[in-house]
Amino acid sequence: LQTAYASLLSPRRQPAFRRQRIELDRGLVLTLDWLDAPPTAPTVALFGGVCGNAQSHYARSVMQHLAAREWAGVIVELTAAPSAWHQLPH
């Protein structure tokens, strides 16, 4: 239901994100797509396993609603180069 709502009924104007990439050990990369707001605004975090990434309809819809309320938001995504998975402990 959330996916259908986001793709069919969500606002078409997309929020602008400020991307921050943090390189971690063993080839892991933490990508943070920030929706900026006033410093005292609440901040909502969406995690990649729950919402996909910043390009997903669901994440963009949530961020659009946050922007309308002048709230901050961040979409958190952890990725790795394919070779990095071989270096992680099993």
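Note that the numbering runs from 1 along the sequence shown for the chain.
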Query raised in the report: Would you say S61 and H57 make side-chain contact, with heavy atoms under 4.5 Å?
Result: no
Report summary line: Residues at least two apart in sequence or cross-chain that pass side-chain hydrogen bond (donor to acceptor under 3.5 Å, both in side chains) with R19, listed by chain then number, are D33
Query - Heavy-atom check, side chain of L24 versus side chain of L78, under 4.5 Å - result: yes
Query raised in the report: Is any side-chain heavy atom of M63 closer than 4.5 Å to a side-chain heavy atom of F17?
Result: yes
Query raised in the report: Can you list the steps and then say if L46 with V76 is a side chain to side chain contact (heavy atoms under 4.5 Å, CB included)?
Result: CA-CA 6 Å; L46 295 176; V76 181; over 6 Å; no
Report task. Go through V29 and T31 one step at a time and tell me if the side chain to side chain contact (heavy atoms under 4.5 Å, CB included) criterion holds. Result -> CA-CA 6 Å; V29 177; T31 303; 3.9 Å; yes
**Report entry** Heavy-atom closest contact (L35 atom, A16 atom, distance)
**Finding:** CD1-O, 3.9 Å
Report task. Return the minimal non-hydrogen interatomic distance between A41 and A72, and the atom names on each side. Result -> CB-N, 4.1 Å
Requested in this report: With the side chain counted from C-beta on, respond yes when I75 and L32 share a heavy-atom pair under 4.5 Å apart, and no when they do not.
Outcome: no
Query raised in the report: Which residues satisfy the side-chain hydrogen bond (donor to acceptor under 3.5 Å, both in side chains) test with Q20, sequence neighbours excluded?
Result: W34
Requested in this report: For the residue pair V44 and W71, establish whether any side-chain heavy-atom pair is separated by less than 4.5 Å.
Outcome: yes
